[in-house]
Amino acid sequence: MNDFSDFATQTEGVDKPMVRFRHVSKRYGALTVLDDLNLDIAEGEKVSIIGPSGSGKTTVLRTLMTLETINSGVIYVDGKPLTHMAKGGKLIGADERYLCKMRTNIGMCFQHFNLFPHMTALQNCMEGPVHALRVPKAEARDRAEELLALVGMIEKKDQHPSRLSGGQQQRVAIARALAMRPKVMLFDEVTSALDPEVIGEVTNVIRKLVSEFKLTIIMVTHQMGFARDISDRVCFFFGGKIEEQGPPAQLFGNPQRERTQKFLSAVKDAD
Ligand code: ADP
Ligand code: MG
């Protein structure tokens, strides 16, 4: 039996990150996908995760969304354990009720937008607040309209997803995630499935979020220029670990590790 009492004390004190991975490992059978990962992200910090395919980037986000369980370590969100709950001074595995509560802190947008097909853009943005958070309908509608305006989709609020382009659907998906008032927003290659000419309308929405909101953002992306523009910090993943990290100017301009240099020159060649 693991004794997590040491982990519990680490969340106390002035240094309270919004997201904290402590010695997190995730395995699928013999394959180690996250390898003793340590990562702290401050409140309001914008962090981009880059790295080769299979290096564990999506898994980091999925464990934060509690879509995957972890094999060891602890993840904390806003000072509270996410994967575990405190009981009698110790941490034990979180139960479903606790996970449901903690999950509302986190919003996620995926490569494939997965809007509810039978609901309009507006209904998509009201569904979570009304049913999961029990927000009164009128208030949820006001908030949804405000967010649809923010992402430039207010004129299409009564359309169903099938009537919207990929870029428009992704913008509604961002509004839908924000409607839950998450403390942390996760973006996983949100422009990868889009036609090139609509990528800008989605990245511009994310740029706006970055400049106007004090949200904590973790973004997995293949768009190095975009990562450079919006991030406070870029983490280069390799083999389920952070191989190298730093401010964008440093990581892109003067990478120290050979693997980072190789990866960056390969993606540059592909452009
Ligand atoms: P990335 O997003 O960096 O491309 P992922 O985090 O999606 O990488 O995946 C990391 C590794 O874990 C990959 O080798 C992938 O094949 C493997 N993996 C992901 N999900 C599963 C699963 N459900 N079962 C088995 N292996 C998986
Ligand atoms: Mg991925």
Side-chain angles (χ1 to χ4, degrees), residues 19-41 46-75 77 82-83 93 96 99 103 106-114 166 169-170 173-174 177 184-196 199 202-203 206 216-228 230-231 233-246 248 251-252 255 257-271:
V19 172
R20 164 167 275 187
F21 282 72
R22 271 286 166 270
H23 299 293
V24 172
S25 293
K26 169 70 184 171
R27 290 182 290 276
Y28 292 109
L31 179 70
T32 298
V33 180
L34 296 182
D35 186 8
D36 194 30
L37 177 68
N38 289 300
L39 173 63
D40 281 0
I41 296 174
K46 325 294 176 199
V47 174
S48 288
I49 297 180
I50 62 169
S53 179
S55 58
K57 307 180 299 294
T58 292
T59 304
V60 167
L61 302 190
R62 287 180 57 85
T63 57
L64 257 176
M65 268 313 271
T66 72
L67 294 169
E68 301 286 348
T69 56
I70 56 178
N71 296 99
S72 54
V74 183
I75 302 172
V77 173
L82 172 75
T83 44
E96 191 52 36
L99 284 178
R103 219 174 263 148
I106 299 155
M108 181 162 182
C109 287
F110 303 87
Q111 186 175 341
H112 298 285
F113 353 102
N114 300 325
Q169 289 185 56
Q170 193 60 290
I174 293 171
V184 183
M185 267 299 290
L186 312 176
F187 295 101
D188 192 4
E189 295 186 23
V190 286
T191 57
S192 297
L194 298 177
D195 291 331
I199 288 176
V202 174
T203 51
I206 298 175
T216 306
I217 291 179
I218 311 177
M219 182 177 76
V220 172
T221 185
H222 290 311
Q223 293 180 272
M224 299 302 142
F226 184 48
R228 184 194 275 257
I230 70 149
S231 313
R233 177 163 43 131
V234 181
C235 298
F236 171 64
F237 266 66
F238 194 94
K241 279 182 192 288
I242 299 173
E243 174 82 13
E244 182 170 354
Q245 59 180 316
L251 193 112
F252 290 119
R257 311 276 297 184
E258 203 185 324
R259 282 172 177 153
T260 322
Q261 292 162 359
K262 271 196 180 147
F263 174 79
L264 290 176
S265 63
V267 292
K268 198 154 82 216
D269 292 344
D271 265 351

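All values derive from a computational prediction rather than experimental measurement. Throughout, residue positions are numbered sequentially from 1 according to the sequence presented. When a ligand or atom number is given, it counts from 1 through the structure's own listing order.
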Under the side-chain contact (heavy atoms from CB on, under 4.5 Å) criterion, do Thr216 and Met185 qualify, and how do the steps go? CA-CA 6 Å; Thr216 306; Met185 267 299 290; over 6 Å; no
Are the side chains of Arg233 and Gln245 in contact, using a 4.5 Å heavy-atom criterion? yes
Within the distance-only criterion (no hydrogens, no angle test), does the side chain of Gln170 pair as donor or acceptor with the backbone N or O of Phe110 below 3.5 angstrom? yes
Taking only Lys NZ, Arg NE, NH1 and NH2, and the carboxylate oxygens of Asp or Glu, determine whether Arg62 and Glu68 approach each other closer than 4.0 Å. yes
Any salt bridge linking Asp40 with Arg22? Criterion: basic side-chain nitrogen under 4.0 Å from a carboxylate oxygen. yes
Given a heavy-atom cut-off of 4.0 Å, could you list the residues near ligand 1 in chain and number order? Tyr28, Leu31, Val33, Pro52, Ser53, Gly54, Ser55, Gly56, Lys57, Thr58, Thr59
Any heavy-atom pair between the side chains of Val33 and Tyr28 that's under 4.5 Å? yes
Establish, from distance only, whether the side-chain atoms of Arg27 and Thr32 form a donor-acceptor pair under 3.5 Å. no
Count of protein N, O or S atoms below 2.8 Å from the Mg ion (ligand 2) equals 1
Applying side-chain hydrogen bond (donor to acceptor under 3.5 Å, both in side chains), run through Thr260 and Glu244 and close with a yes or a no. CA-CA 7 Å; Thr260 322; Glu244 182 170 354; 2.7 Å; yes
Is it true that Asp188 and Thr58 share a donor-acceptor pair across their side chains at a distance under 3.5 Å? yes
